[in-house]
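The structure appears right after this line, and notes come after that.
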Amino acid sequence: MTEQQVPLRFPTKFYDAYIFDMDGTIYLGDHLLPGAKRMIEQLRARHLPIRYLSNNPTKDPQLYVEKLEKLGLPTDISEVANTVVTMTKWLREQHPEATVFPIAEPPLINAFKTAGIKLSEDPAEIDIVVASYDRTFDYRKLQIAFDAIWFHKRAKLVATNPDRYCPFPGGRGEPDCAAIIAAIEACTQCQCEMVVGKPNREMLVEALAGLDVKLENCLMVGDRLGTDIQMAVKAGIDSAMPLTGDSTWQEAEALDPKDQPTYLLDRVDRLIPVETWKELGWIDNS
C-alpha cells in the first residue's frame with residue numbers, strides 16, 4: 001500500500017467533549033503540529049470542552065499550561081490532567097495511611113508532600129514503592145525498592161505510567177517508566193499491582209470530572225495505540241489517532257478491529273468535519 005493509500009478515516013460530526021494527548025498530537029517538542037492551533041480555536045469557538053491528558057509525571061499541570069500558552073493555546077489549569085494528579089489522588093483515596101517511596105522527579109514528589117502523603121527512604125517502613133519516569137534513577141533507589149519489597153516483604157509496587165520510552169523530535173527518545181518497573185520486577189520477582197496512567201480507564205474519567213457530558217459522546221485523541229487508543233477502547237468511546245507521533249497506520253491496521261482507532265488522521269485538524277472545512281475555506285497547508 002502506497003503512502004497515498006493510507007486508510008485515513010475522518011470524523012463527520014462534532015463531539016460533546018475532546019480529550020487530547022499532547023506530545024505527538026498537539027505539539028512535537030517545542031513546535032505545534034500542523035493545524036493544531038486552528039483546530040483548538042474552532043472547538044473553543046463552538047464552546048466544546050477540551051481536556052489535555054498526559055502520562056508524563058515529570059511536569060505538573062501548571063508547567064503544561066505554561067507550555068501550551070507559550071505555543072499560542074490559552075489554557076486553564078482545570079483543563080490539564082496528568083499522572084502527577086492521578087497518582088496523588090489514587091494514593092490519598094486508596095492508601096491514605098501508607099508510607100510511600102517515590103522513584104520520581106520533583107513534580108511528583110512535591111505533589112505528594114503537598115497532599116500530606118508520608119514519604120520515606122527507610123525500607124523497613126515503606127508500604128508502597130511508586131515507580132515513575134525518573135531520569136535520576138540509580139542503584140541506590142533500586143536497592144531501597146528491593147529491600148522494601150523483597151527483603152522486608154512489606155511493600156507493593158505501583159506505577160504512574162506504562163510507557164517504554166518518551167519520544168523526542170527526530171526519532172530519538174529516552175527510557176520511560178516501564179524500564180524502571182522492569183528493573184524492580186526483575187530483582188524482586190514481584191508484579192506491579194497498579195498503573196494509574198493511560199490506558200487506565202479511570203484516568204479518562206478523572207479528566208472529564210465536573211463536565212456535564214456523557215462519556216460515550218466524547219472523543220479521545222492521541223498518537224499512541226497502547227495508551228491513548230487502548231484507553232478509549234477500555235472506556236468504550238470513539239478515538240482518533242493522528243499519524244504525527246509514535247504509532248503508525250500499519251500498526252493500527254494490524255490490530256483486531258475492536259482495538260483500532262475509530263479515525264486515522266494525517267493531521268489533527270481533520271477532527272473538524274470536512275463540511276466545516278469548506279465553510280471556513282481551510283486548506284491543508286494552514
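If you read the sequence from its start, that first residue is 1, and numbering goes on from there. In this text the structure is predicted, and so the values were computed from the model without any measurement.
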### Test salt bridge (charged side-chain N to carboxylate O under 4.0 Å, His left out) applied to D176 - qualifying residues, sequence neighbours left out
none
### Query
Is the shortest side-chain N to carboxylate O distance from D134 to K141 below 4.0 Å?
yes
### Task
For the residue pair R46 and Q42, confirm or rule out a side-chain donor-acceptor distance under 3.5 Å.
yes
### Query
Any side-chain heavy atom of F20 sitting closer than 4.5 Å to one from L43?
yes
### Query
Okay, side chain of D163, backbone of Y165: is any donor-acceptor separation there less than 3.5 Å?
no
### Message
If I take atom CG from residue L219 and atom CG from residue L48, how far apart are they, to the nearest 0.5 angstrom?
### Response
11.0 Å
### Task
Indicate yes or no: at least one non-hydrogen side-chain atom of Y52 is less than 4.5 angstrom from one of I50.
yes
### Query
For the side chain of T75 and the backbone of L68, is there at least one donor-acceptor N/O pair under 3.5 Å apart?
no
### Query
CD of E79 to CD1 of I19: how many Å apart, nearest 0.5 Å?
12.5 Å
### Query
Looking at D228 and M220, what are the two nearest heavy atoms and their distance?
O-CG, 3.6 Å
### Task
Indicate yes or no: at least one non-hydrogen side-chain atom of P11 is less than 4.5 angstrom from one of L265.
yes
### Query
Does F146 have any ring-ring contact (aromatic ring centres under 6.0 Å, His included) partners at least two apart in sequence or in another chain, and if so, which?
W150
### Query
Is any side-chain heavy atom of R44 closer than 4.5 Å to a side-chain heavy atom of I40?
yes
### Task
With sequence neighbours excluded, tell me which residues meet side chain to side chain donor-acceptor pair (under 3.5 Å) with Q94.
none
#### Entry: Trace of the side chain to side chain contact (heavy atoms under 4.5 Å, CB included) decision for I103 with S132
CA-CA 6 Å; I103 299 176; S132 185; 5.8 Å; no
### Message
Using the rule given for side chain to side chain donor-acceptor pair (under 3.5 Å), can you reason through N56 versus S54, listing the C-alpha separation, both sets of side-chain angles and the distance that settles it, and then say yes or no?
### Response
CA-CA 5 Å; N56 190 337; S54 173; 5.2 Å; no
### Summary
What one should report as the nearest heavy-atom pair of L204 and A235 is CD2-CB, 3.5 Å
### Task
Verify whether one side chain among D147 and Q143 offers a donor that lies under 3.5 Å from an acceptor in the other.
yes
### Task
Return the set of residues passing salt bridge (charged side-chain N to carboxylate O under 4.0 Å, His left out) with E251 (not counting sequence neighbours), or none when no residue passes.
none
#### Entry: Pairs touching residues 259-279 that satisfy ring-ring contact (aromatic ring centres under 6.0 Å, His included), sequence neighbours left out
W277-W282
### Query
For T83, does its backbone N or O pair with a side-chain atom of N55 as donor and acceptor, under 3.5 Å?
no
### Task
Please name all residues satisfying salt bridge (charged side-chain N to carboxylate O under 4.0 Å, His left out) with D246, sequence neighbours left out, ordered by chain then number.
R224
### Task
Report yes if some heavy atom in the side chain of W249 is under 4.5 Å from a heavy atom in the side chain of M241; otherwise report no.
no
### Query
Are L108 and L119 co-members of a hydrophobic cluster defined by side-chain heavy atoms under 4.5 Å apart?
yes
### Task
Step by step, work out the side chain to side chain donor-acceptor pair (under 3.5 Å) result for Y133 and T160.
CA-CA 8 Å; Y133 177 13; T160 53; over 6 Å; no
### Query
Is a donor on one side and an acceptor on the other found under 3.5 Å between the side chain of S120 and the backbone of D122?
yes
### Query
Considering residues at least two apart in sequence or located in another chain, which fulfil the salt bridge (charged side-chain N to carboxylate O under 4.0 Å, His left out) criterion with E93?
K89
## Note on the structure
Output for pair (T86 OG1, M203 CE), nearest 0.5 Å, gives 4.5 Å
### Query
Do L32 and I26 come close enough that some side-chain heavy atom pair is under 4.5 Å?
yes
### Task
Mind running side chain to side chain contact (heavy atoms under 4.5 Å, CB included) on L243 and V6 for me, showing each step along the way?
CA-CA 10 Å; L243 300 173; V6 173; 3.9 Å; yes
#### Entry: Donor-acceptor contact below 3.5 Å, side chain D21 vs main chain G24
no
### Query
Given I144 and L142, is the side chain to side chain contact (heavy atoms under 4.5 Å, CB included) satisfied, shown in steps?
CA-CA 6 Å; I144 294 171; L142 181 60; over 6 Å; no
### Summary
K278 meets the side-chain contact (heavy atoms from CB on, under 4.5 Å) criterion, sequence neighbours left out, with V274, E275
### Side-chain ion pair, K198 and E206, N-O less than 4.0 Å
no
### Message
Measuring from atom CG of D266 to atom CZ of R270, what distance do you get when rounded to the nearest 0.5 angstrom?
### Response
4.5 Å
### Query
Would V100 and W90 show up in the same hydrophobic cluster when neighbours are defined by side-chain heavy atoms closer than 4.5 Å?
yes
### Query
Is M22 reachable from V268 through a run of I, L, V, M, F, W or Y residues, each pair having side-chain heavy atoms under 4.5 Å apart?
yes
### Query
Any ion pair linking D16 and K214 (charged N to carboxylate O, less than 4.0 Å)?
no
### Query
Less than 4.0 Å between a side-chain N and a carboxylate O, is that true for E41 and K37?
yes
### Message
Set out, in order, the CA-CA distance, both residues' side-chain angles and the distance that settles side chain to side chain contact (heavy atoms under 4.5 Å, CB included) for I128 and V130, then state yes or no.
### Response
CA-CA 6 Å; I128 297 176; V130 175; 4.0 Å; yes
### Nearest heavy atoms of P7 and L264, plus distance in Å
O-CD1, 3.7 Å
### Query
Under 4.5 Å between any side-chain heavy atoms of V213 and C218, yes or no?
yes
### Query
How would you list, by chain and number, every residue that makes a side chain to side chain donor-acceptor pair (under 3.5 Å) with E202, sequence neighbours excluded?
none
### Message
For Y18 and Y15, take the angle between the two ring planes, folded into 0 to 90°, and tell me which bin it lands in: parallel under 30, tilted 30 to 60, perpendicular over 60.
### Response
perpendicular
#### Entry: Sequence-distant partners of K118, side chain to side chain donor-acceptor pair (under 3.5 Å), two or more places apart
none
### Query
Is I149 linked to I181 within one hydrophobic cluster, defined over Ile, Leu, Val, Met, Phe, Trp and Tyr using a side-chain heavy-atom separation of less than 4.5 Å?
yes
### Task
Please answer: with hydrophobic residues joined when any side-chain heavy atoms are less than 4.5 Å apart, are I180 and M87 in the same cluster?
no
### Task
Specify the closest pair of heavy atoms between I77 and P61, including all atoms of both residues, with the distance to one decimal.
CG1-CB, 3.9 Å
### Query
So how far is it from D127 CG to R154 CZ, rounded to the nearest 0.5 Å?
4.5 Å
### Query
If only atom types and distance count, is the side chain of S247 paired as donor or acceptor with the main-chain N or O of L225 below 3.5 Å?
yes
If you look only at distance, which donor and acceptor atoms sit under 3.5 Å apart when one is on a side chain in residues 183-195 and the other is two or more places apart or in another chain?
residue, atom, partner, partner atom, Å
E185, OE2, C192, N, 2.8
T188, OG1, I184, O, 2.6
T188, OG1, C190, N, 3.2

### Straight-line distance of T276 OG1 to K13 NZ, nearest 0.5 Å
14.0 Å
### Pairwise side chain to side chain donor-acceptor pair (under 3.5 Å) hits with a residue in residues 97-116, at least two apart
E105-R135
